[in-house]
Amino acid sequence: RNIAAHYDLGNEFYRQWLRSGVSKAALDNALDMYYRNPRGVIKNRRYITIVDFSKRSGEKRMFILDTSTGDVEKLYTTHGNGRGTVGQSKATKFGNRDGSYLTPPGFHVTGTSYHNSPRHGRTLKMNGIESRNSESAGRAILIHEAWYASDKLVRSTGYAGRTQGCLAIDPAKTPRIIRELKGGSLIYNYTGRD
């Protein structure tokens with residue numbers, strides 16, 4: 001079905017997001033969740049973030065969609081090392097369990113404020129809103145800065161480093177991204193199989 005027409009979304013934004021490289025399946029799923037907004041958990045309505053884990057970490061696979069302007073920002077980001085998958089540039093497994101070191105799949109909303117962590121710098125909590133990511137908050141799954149996700153490093157090595165399941169991004173961009181996304185913005189970890 002035509003998600004854009006179904007929700008009376010401007011077709012130009014929809015086409016623009018597809019042209020930017022966002023997967024149609026991921027975009028349709030994300031828009032469906034954004035407009036359904038179960039229990040009203042999506043409070044920050046300006047941005048929708050889709051992380052397309054069907055892409056390798058050497059590709060810009062985090063897409064931040066601005067629902068006010070239609071703009072798209074593309075970033076490099078990490079995935080969990082899964083206790084033994086260090087060095088893999090593509091996520092092949094996802095998990096919810098604490099200690100799995102896997103990135104949780106599916107829909108999350110961001111926390112209401114950011115925190116400064118001695119280990120990770122400025123961070124923003126991700127709260128799972130599905131059963132398959134119900135442990136994300138307890139696991140402290142975050143958006144955080146990391147040198148191993150910087151544009152310079154990823155361009156030179158061809159892949160981003162690994163985390164214990166978090167989404168790490170370029171430190172130079174993290175403060176602004178966190179300011180934009182805090183307060184209940186939708187984050188969709190798309191596995192390519194959803």
Side-chain angles (χ1 to χ4, degrees), residues 3-4 7 9 13-36 42 44 46-67 69-82 85 87-96 100-110 124 126-130 132-133 136 141-146 148-151 153-155 157-170 173-174 177-178 180-181 185-194:
I3 289 286
Y7 289 113
L9 178 78
F13 283 7
Y14 186 78
R15 288 193 297 268
Q16 187 172 326
W17 293 338
L18 291 176
R19 284 195 303 269
S20 75
V22 179
S23 152
K24 184 179 187 306
L27 180 57
D28 286 351
N29 290 347
L31 288 173
D32 187 55
M33 179 62 76
Y34 176 83
Y35 284 105
R36 280 192 295 118
I42 305 167
N44 177 347
R46 178 157 183 182
Y47 300 100
I48 300 170
T49 301
I50 297 171
V51 185
D52 186 352
F53 285 111
S54 71
K55 299 178 182 293
R56 298 184 177 277
S57 66
E59 301 175 78
K60 290 188 174 181
R61 57 184 179 175
M62 177 184 274
F63 298 84
I64 301 175
L65 314 179
D66 189 327
T67 65
T69 65
D71 291 344
V72 182
E73 182 166 8
K74 297 187 269 191
L75 304 169
Y76 297 113
T77 193
T78 57
H79 56 263
N81 65 36
T85 61
Q88 286 188 355
S89 66
K90 189 173 180 181
T92 56
K93 294 181 181 178
F94 301 86
N96 189 35
S100 68
Y101 290 7
L102 294 170
T103 298
F107 292 104
H108 295 73
V109 291
T110 59
L124 185 63
M126 293 171 55
N127 301 302
I129 59 173
E130 300 180 84
R132 61 180 172 162
N133 53 40
S136 292
I141 297 296
L142 309 167
I143 297 172
H144 67 78
E145 64 183 54
Y148 49 81
S150 70
D151 288 7
L153 182 131
V154 176
R155 283 196 296 263
T157 62
Y159 58 89
R162 304 295 172 270
T163 62
Q164 294 181 5
C166 296
L167 304 177
I169 59 177
D170 189 323
K173 299 175 181 178
T174 306
I177 296 299
I178 285 178
E180 290 174 351
L181 300 187
S185 179
L186 184 66
I187 310 283
Y188 180 28
N189 287 344
Y190 174 67
T191 68
R193 301 186 292 270
D194 308 38

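Below, each value reflects all heavy atoms present in this structure, side chains not excepted, and no hydrogens, waters or symmetry copies.
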Margin query: According to salt bridge (charged side-chain N to carboxylate O under 4.0 Å, His left out), who are the partners of D71, at least two apart in sequence or on a separate chain?
Written below: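 For D71 there are no salt bridge (charged side-chain N to carboxylate O under 4.0 Å, His left out) partners, ignoring immediate neighbours.
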Next item on the list: Not counting sequence neighbours, which residues clear salt bridge (charged side-chain N to carboxylate O under 4.0 Å, His left out) with R56? List them please.
Entry: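 Result, salt bridge (charged side-chain N to carboxylate O under 4.0 Å, His left out) vs R56: none returned.
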Between atom [atom1] of [X] and atom [atom2] of [Y], what is the distance when rounded to the nearest 0.5 Å?
X    : Y    : atom1 : atom2 : answer
L153 : D170 : CG    : CG    : 10.0 Å
I141 : L124 : CD1   : CG    : 13.0 Å
I48  : L186 : CD1   : CG    : 6.5 Å
M126 : C166 : CE    : SG    : 8.5 Å
L167 : T77  : CG    : OG1   : 4.5 Å
S185 : E180 : OG    : CD    : 9.5 Å

Under the side-chain hydrogen bond (donor to acceptor under 3.5 Å, both in side chains) test, which residues partner [X], sequence neighbours left out?
X    : answer
D52  : S54
S136 : H108
K173 : D151

Hey, are the side chains of [X] and [Y] touching, using non-hydrogen atoms and a 4.5 Å cut-off?
X    : Y    : result
T49  : L181 : yes
L75  : I177 : yes
K24  : L18  : yes
V154 : Y159 : no
I50  : L65  : yes
L142 : T163 : no
T103 : N189 : yes

Next item on the list: Enumerate the residue pairs fulfilling salt bridge (charged side-chain N to carboxylate O under 4.0 Å, His left out) with a member in residues 185-194, sequence neighbours excluded, ordered by first and then second residue.
Entry: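 Listed once each, the pairs are R132-D194.
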Of all the heavy-atom pairs spanning [X] and [Y], show the shortest one and how long it is.
X    : Y    : result
Y76  : G58  : CE2-O, 3.3 Å
E145 : T174 : CB-OG1, 3.2 Å
T78  : A160 : CG2-CB, 4.0 Å
V109 : I129 : CG2-CG2, 4.1 Å
Y188 : A30  : CD2-CB, 3.9 Å
Y47  : I64  : CD2-CG2, 3.8 Å

Notebook entry, point to check: Y34 and N29: side-chain donor and acceptor closer than 3.5 Å?
Noted result: no
Check: Does the ring center of F53 lie less than 6.0 Å from the ring center of Y190?
Finding: no
Margin query: Checking the side chain of T67 only, and the main-chain atoms of R46 only, is there a donor and an acceptor separated by less than 3.5 Å?
Written below: yes
Notebook entry, point to check: How are the rings of W17 and F13 set to each other: parallel, tilted or perpendicular (split at 30° and 60°)?
Noted result: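 Taking F13 first and then W17, their aromatic rings sit tilted (interplane angle of 30° to 60°).
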Next item on the list: Determine the sole option in K60, M62, R61 for which the side-chain contact (heavy atoms from CB on, under 4.5 Å) test with K74 is passed.
Entry: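 Testing K74 for a side-chain contact (heavy atoms from CB on, under 4.5 Å) against K60, M62, R61 leaves exactly one candidate, K60.
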